[in-house]
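Below is one structure, written out as C-alpha cells; comments come after it.
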Amino acid sequence: MRYFFLLNFFLFLNTLHPVKLLAQNNVESSEFNINDYKKISLPPLDVLFENARKNPIYELAEVKEQIENKNLYKEKKAWLSYLSIRGSYQYGMFGNESTYTDVYTPVFFNYSTAAQNSYSVGAGISIPLDHLFDLGGRVKRQKLQVKSAFLEKELKYEEIKKEIIILYSNALSQLNVLKLRAESLVITNAHYAIAEKDFANGTIDSGELSIEKQRQTISLEQYENTKAELTKNLLILETITQTPILNR
C-alpha cells in the first residue's frame with residue numbers, strides 16, 4: 001500500500017512539472033508585456049484633436065463644405081447666364097468667272113481669284129423673369145447650405161473629440177490598472193511556485209495547492225482582460241486620430 005501511494009505521488013508530481021513550466025513562462029511573458037506597455041506615453045489631447053482632422057469622417061464633412069462654397073460662388077455669378085455673345089470669322093479664296101461680248105467683240109471668258117476674310121460679332125440678353133426675381137433668394141438659400149455644411153463638419157468634429165476623450169481616459173486608467181495586475185500576477189505566480197515546493201515536501205495538501213492555483217488563474221485572467229481592453233482602446237484611438245501610439 002505504501003509503494004502504491006508513493007507511485008501515485010511521483011506520478012502526480014510529474015503532472016505538475018508542465019504546470020510549473022507554464023507558470024514560469026507566464027511570469028516571463030507578463031514581465032515582457034508589461035515592460036512594453038510601460039513604454040507607452042499617450043500624446044497630449046490637443047495633439048490628438050488636431051490629428052483627428054485627418055479622420056476620413058471629418059475630411060468628408062470638410063469636402064461637403066467646400067462643395068457648398070463653390071455652389072455659392074456659382075449662384076452669385078448666375079446673372080451672367082442672362083448674357084450671350086456670338087461671333088464668327090471666315091477666311092478663304094473666292095473666285096469670279098465672267099463672260100463678255102457685243103456686236104463687235106467675240107465672246108471671251110474672264111476668271112479671277114482673290115483672298116477674302118469676313119467676321120461678325122454680336123451680343124444678346126435673355127432674362128427669365130422667374131430666375132431673375134429668385135436670384136437673391138437662391139443666394140441666401142445657398143448661404144444657409146454653406147452654414148449647414150460648416151455646422152455639420154463641426155458637429156462631426158465634436159463627436160470625434162468626445163470619443164477621443166472617452167478612449168483617452170479609459171486608456172490612462174487601464175494603464176495604471178495593468179501595472180497593478182502585472183504585479184499581482186507576479187506575486188500569485190511566486191506563491192504558487194512556493195506552494196508547489198511545499199506540496200512536494202508534504203508541508204501542504206493538494207487542497208491548499210489547488211487554492212493557490214485558482215488564485216494564479218484568476219490573477220492571470222484579470223491581467224489578460226485588462227491588457228486586451230487597453231490594447232483595443234489604444235488601437236481605436238490610433239485609428240480615430242491617425243496617430244501611432246503602440247508602435248511609436
- Task: With rounding to the nearest 0.5 Å, note down the distance linking CD in Glu59 to CD in Gln66.
- Result: 10.0 Å
- Going from CD on Glu196 to CD on Glu212, what distance comes out if it is rounded to the nearest 0.5 angstrom? 10.5 Å
- Message: Would you say Asn51 and Gln242 are linked by a side-chain donor-acceptor pair, where the criterion is simply a distance under 3.5 Å?
- Response: no
- Grab the two heavy atoms, one from Leu234 and one from Ala171, that are nearest each other, plus how far apart they are. CD2-CB, 3.9 Å
- Message: Are Ser206 and Phe199 packed together at the side-chain level, in the sense that at least one heavy-atom pair is separated by less than 4.5 angstrom?
- Response: yes
- Minimum heavy-atom distance between Ile245 and Glu238, given as atom pair plus value: N-OE2, 2.6 Å
- For the pair Ser219 (side chain) and Arg215 (backbone), establish whether a donor and an acceptor sit closer than 3.5 Å, ignoring hydrogens and angles. no
- Message: Counting C-beta onward and ignoring hydrogens, is there a side-chain heavy-atom pair between Glu152 and Glu68 closer than 4.5 Å?
- Response: no
- Task: Output every pair passing ring pair (Phe, Tyr, Trp, His ring centres under 6.0 Å) with a member in residues 41-60, not counting sequence neighbours, ordered by first then second residue.
- Result: Tyr58-Tyr157
- Message: Hydrophobic cluster membership, with links at side-chain heavy-atom distances under 4.5 Å among I/L/V/M/F/W/Y: are Ile160 and Leu45 in one?
- Response: yes
- Message: Please find the pair of heavy atoms, one from Glu62 and one from Lys153, that lie closest to each other, and give the distance.
- Response: CA-CD, 3.9 Å
- Message: Within the structure provided, determine whether Glu208 and Asp205 are in side-chain contact (heavy-atom separation under 4.5 Å).
- Response: yes
- Say you draw a straight line from CD1 of Ile236 to CD1 of Ile164; how long is it, rounded to the nearest 0.5 Å? 12.0 Å
- Residue set satisfying side chain to side chain contact (heavy atoms under 4.5 Å, CB included) with Glu50, at least two apart, ordered chain then number -> Arg53
- Report yes if some heavy atom in the side chain of Leu72 is under 4.5 Å from a heavy atom in the side chain of Lys143; otherwise report no. yes
- How long is the gap from CD on Glu163 to OG1 on Thr241, to the nearest 0.5 Å? 10.5 Å
- Query: How long is the span from the CD1 atom in Ile187 to the CD atom in Gln216, to the nearest 0.5 Å?
  - Reply: 13.0 Å
- Query: Would you say the side-chain atoms of Ser148 pair up with the backbone N or O of Leu144, donor to acceptor, closer than 3.5 Å?
  - Reply: no
- Query: Linking I/L/V/M/F/W/Y whenever their side-chain heavy atoms sit closer than 4.5 Å, directly or via other members, would Val177 and Leu175 fall into one cluster?
  - Reply: no
- Would you give the length of the straight line joining atom CD1 of Ile194 to atom OG1 of Thr203, rounded to the nearest 0.5 angstrom? 11.5 Å
- Evaluation steps, salt bridge (Lys or Arg N to Asp or Glu O under 4.0 Å), between Asp46 and Lys161: CA-CA 10 Å; Asp46 56 347; Lys161 288 199 293 186; over 6 Å; no
- Under 4.5 Å between side-chain heavy atoms, hopping through other hydrophobics if needed: is there a path connecting Leu235 to Leu178? yes
- Salt bridge or not for Glu229 and Lys232, using N-O below 4.0 Å? yes
- Find out whether Thr188 and Ile218 are in side-chain contact, i.e. whether some heavy atom of one side chain is under 4.5 Å from a heavy atom of the other. no
- Message: What verdict does the side-chain hydrogen bond (donor to acceptor under 3.5 Å, both in side chains) test give for Gln174 and Asn233, after you've listed the backbone C-alpha separation in whole Å, the side-chain angles of each residue and the deciding distance to 0.1 Å?
- Response: CA-CA 9 Å; Gln174 288 162 350; Asn233 285 335; 2.9 Å; yes
- Task: Under the side-chain contact (heavy atoms from CB on, under 4.5 Å) rule, what do Lys227 and Glu224 come out as? Steps first, then yes or no, please.
- Result: CA-CA 5 Å; Lys227 186 177 71 172; Glu224 291 296 336; 3.3 Å; yes
- Task: Applying side-chain contact (heavy atoms from CB on, under 4.5 Å), run through Lys140 and Leu135 and close with a yes or a no.
- Result: CA-CA 9 Å; Lys140 291 179 180 179; Leu135 184 60; over 6 Å; no
- Message: Run the ring pair (Phe, Tyr, Trp, His ring centres under 6.0 Å) test against Tyr168 and tell me which residues pass, sequence neighbours left out.
- Response: none
- What are the two closest non-hydrogen atoms of Lys156 and Ala61, and how far apart are they? CG-CB, 4.3 Å
- Just do the side-chain contact (heavy atoms from CB on, under 4.5 Å) check on Lys213 and Leu209 with the steps written out, would you? CA-CA 6 Å; Lys213 181 60 180 178; Leu209 181 64; 5.7 Å; no
